[in-house]
Amino acid sequence: MAADLSAQSQTLLLSTTTTTPQRSHPRTTSFLPFFSLSHSKPLLHLSRTSSRPWQRLQVLCQATGTQPISQLGHDRLSKVPISRIRNFCIIAHIDHGKSTLADKLLETTGTVQKREMKEQFLDNMDLERERGITIKLQIARMRYSFKNGEPYCLNLIDTPGHVDFSYEVSRSLAACEGALLVVDASQGVEAQTLANVYLALENNLEIIPVLNKIDLPGADPDSVIKEIEEVIGLDCSNAILCSAKEGIGISEILDAIVERVPPPADTADKPLRALIFDSYYDPYRGVIVYFRVIDGKIKKGDRVYFMASGKDYFADEIGVLSPTQFQVGELYAGEVGYLSASIRSVADARVGDTITNYSRKAESSLPGYEEATPMVFCGMFPVDADQFPELRDALEKLQLNDAALKFEPETSSAMGFGFRCGFLGLLHMEIVQERLEREYNLSLITTAPSVVYKVNCVNGDIVECSNPSVLPEPGKRKSIEEPVVKIEMLTPKDYIGPLMELAQDRRAVFKEMKFIAENRASLTYELPLAEMVGDFFDQLKSRSKGYASMEYTFLGYKESDLIRLDIQINGEHVEPLATIVHKDKAYAVGRALTQKLKELIPRQMFKVPIQACIGSKVIASEALSAIRKDVLAKCYGGDISRKKKLLKKQAEGKKRMKAIGKVDVPQEAFMAVLKLEKEVL
């Protein structure tokens, strides 16, 4: 038996060893004895030398000497020199295969058992799986044996790809020294590819270009490499060709991370400075902080000090994410981990704060992050007024996990108490609303999204206005300025015409058109942000059959001919339905909105006029006919005066009812403004 096993140098030997069962920590995950290696698929030989229940199988791998793989899993938590730590992230346009590549890296390094693997393993929110997108950055610590046999610690941060979540990307880049730039070999360079590359270059990261999906029939790696070199300016002579789905090129990517990503600076002897780049609220343990140790060391039980908030706590638990939480005793410079210190107040540990040691404080805090600037605003109100405190607590906890979310209290005559919330984009707004409803069990009404306008008043004051209902009266304002963005659309040349038509319909100003490849062009426009808040992205995808992509940057404010469009229902102004529009579009928007409201508002016992007004001038009107009882049903004949008397009596009753009647506007009506552009175009 021994001779047969020694002759098979490439196989795995399974032997039985007596072990004592160990109880795992109740809040951490214990390792299972097996994991898979994707480098090869060796045959397994099973020896049945014992059948005792406390015995388990142990894997011996020829590739790693005689070290059991179950022990190798625990070695993931063991320390390596700082020179063998690599912190990197994956950046790409949406749907270019980031999450699939992250799954394959976890499987190849044995970080996750093959039987536990599932698609989008790091996307742990149901919302992410349903939509097929990454919303939150995720962290995973991996252990990889390089060609020389030395173990390396690889800290992976998976990032979102949609433009609305670029703030998540910027925070993860600050915790890394390198980045994998993943480009779809069949799609080529997309808009968010460019944006993410520029973010990585601002952080002085080593960029490793990776061409994914080379197994697709439409893949053209050579032209994509040429496109990357011409558009981005990266040297792609050593670009890696891979297919994350088929497992092609994964080992080359891991080798490139070790060889080309620089290690962190060795500053373990300095006073502790750790940068908080993410956090979330646990109902049992309080605020859990994710951080990157820049200088010094942190140990379990240390008294730590948060430099921005001025609060101090004892580190009850520190650990690493691999990808679930595992406790360790110490973290030093270059490592990424989490901290639990029974922090109950969400304001005490904000993203961008610096953690230092209470007894040996650092002289200065880390730069932190640039404050996120909200681009889109909307009002959020609870359906049940009693849920207002729950909504406030939910927004505070969600802001801890999503630092780009901003909110302030707001009162509406129609919907009561709520919050005016700021978001980075329309998708960000939808995701926050769904997370509040799912994770915190709230029923919400959201008003139509709007942007922040600057109003120049006659007396010289400048008023920022994100809510149309608080816009100063026409006699008090001198002019209105609206935010303008620079938008870049990348499209195949066949769809240049439809996209130019779309941009011109949205009051965009043409700036530049250039061909980045033989069949792909880049269109640059200056576009009012209010025109992009609606269904611009949907129209972009529709007119280009899904092939075009876009990326935008904020330019500033520009004066424009804007007016406030009010909606009157039964003679009463409905503030939540007021909107600020360009003067040229006022009639079309008013007509479409009144028609939509006529469809959505239920009929009443009296006639209900629905009017769109600019000041006191009505520009569009619809009428909801009354529900009329047939008062002549009992009249089988007789004189006409009898019928006229009954009809006159009914008309007087309708008149009295209209004077005192109230019209309930359903929630669907408040979302009519959001869908307005589809009605107009």
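Below, all heavy atoms of this structure are taken into account, side chains as well, without hydrogens, waters or symmetry copies. Small disclaimer: the values here were computed from a predicted structure and weren't measured.
Between the OG1 atom in T100 and the CD atom in E246 there is a gap of 11.5 Å [rounded to 0.5 Å]. Distance check: L180 CG to E206 CD gives 10.5 Å after rounding to the nearest 0.5 Å. One distance of note links CG of L105 with CZ of F88; it measures 5.5 Å at 0.5 Å rounding. Atom CG of N519 is separated from atom NZ of K493 by 5.0 Å, given to the nearest 0.5 angstrom. D561 CG to E559 CD: the interatomic distance, rounded to the nearest 0.5 Å, is 9.0 Å. Atom CE of residue M429 and atom CE of residue M380 lie 7.0 Å apart, to the nearest 0.5 angstrom.
Listed by chain and number, the residues in a ring-ring contact (aromatic ring centres under 6.0 Å, His included) with F423 are H428 (sequence neighbours excluded). Listed by chain and residue number, S186, K213 satisfy the side-chain hydrogen bond (donor to acceptor under 3.5 Å, both in side chains) test with D184 (two or more places apart in sequence, or in another chain). Residues satisfying the ring-ring contact (aromatic ring centres under 6.0 Å, His included) test with Y280, not counting sequence neighbours, are Y290. Under the side chain to side chain contact (heavy atoms under 4.5 Å, CB included) criterion, C89 pairs with I91, I157, T159, L173, C176, A179, not counting sequence neighbours.
Pairing each heavy atom of I240 with each of G249, the nearest pair is CG2-O, 4.1 Å. When all heavy atoms are compared, the tightest approach of S549 to K541 is CA-NZ, 4.4 Å. Between Y440 and A394, the shortest heavy-atom distance links the atoms CG-CB, 3.6 Å. Contact record, L527 with A508: CD1-CB, 3.6 Å, taken as the closest heavy-atom pair. Of all heavy-atom pairs spanning F407 and F419, the tightest one is CD1-CD2, 3.7 Å. Of all the heavy atoms in M489 and L499, the pair that sits closest is CE-O, 4.3 Å.
Counting heavy atoms from C-beta outward, L101 and I250 have side chains that approach closer than 4.5 Å. Counting heavy atoms from C-beta on, the side chains of F536 and L502 come closer than 4.5 Å. With contacts defined as side-chain heavy-atom distances shorter than 4.5 Å, the pair F277/I139 qualifies. Between I228 and L211 there is a side-chain heavy-atom pair separated by less than 4.5 Å. Considering only heavy atoms from C-beta on, V210 stays 4.5 Å or farther from L181 through its side chain. Taking 4.5 Å as the limit, every side-chain heavy atom of V231 sits out of range of all side-chain heavy atoms of L490. Residues M532 and M550 are in side-chain contact: their nearest non-hydrogen atoms beyond the backbone lie under 4.5 Å apart. At least one side-chain heavy atom of R506 sits under 4.5 Å from a side-chain heavy atom of K585.
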Practice prompt. Check the pair D566, Q568 against side chain to side chain contact (heavy atoms under 4.5 Å, CB included), reporting the backbone distance first and the verdict last.
Written response: CA-CA 7 Å; D566 290 313; Q568 287 187 355; 5.6 Å; no
Worksheet item: Yes or no on side chain to side chain contact (heavy atoms under 4.5 Å, CB included) for F381 and L444, after CA distance, side-chain angles and deciding distance?
Response: CA-CA 6 Å; F381 301 86; L444 301 175; over 6 Å; no
Practice prompt. Let me see the working for I496 and F515 under side chain to side chain contact (heavy atoms under 4.5 Å, CB included), right down to the final yes or no.
Written response: CA-CA 11 Å; I496 292 176; F515 280 86; 4.0 Å; yes
Discussion item. Does I207 form a side chain to side chain contact (heavy atoms under 4.5 Å, CB included) with L201? I'd like the steps, not just the answer.
Written reply: CA-CA 8 Å; I207 300 176; L201 292 175; 3.7 Å; yes
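The 12-atom threshold is not exceeded at NZ of K226, counting heavy atoms of other residues, nucleotides or ligands nearer than 6.0 Å.
No donor-acceptor distance shorter than 3.5 angstrom exists from the side chain of R477 to the backbone of V455, with no hydrogens or angles considered. Remark: the backbone N or O of V189 is paired with a side-chain donor or acceptor of R520 at under 3.5 angstrom. Of the possible donor and acceptor atoms, one in the side chain of D235 sits under 3.5 Å from a partner among the backbone N and O of S237.
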Determine all donor-acceptor pairs shorter than 3.5 Å in which one atom belongs to a side chain in residues 611-622; sequence neighbours excluded.
unit_1	atom_1	unit_2	atom_2	d
E622	OE2	R591	NH1	3.0

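Residue pairs meeting the side chain to side chain donor-acceptor pair (under 3.5 Å) criterion with at least one partner in residues 482-492, sequence neighbours excluded, are E482-R507, E482-S560, E488-S522.
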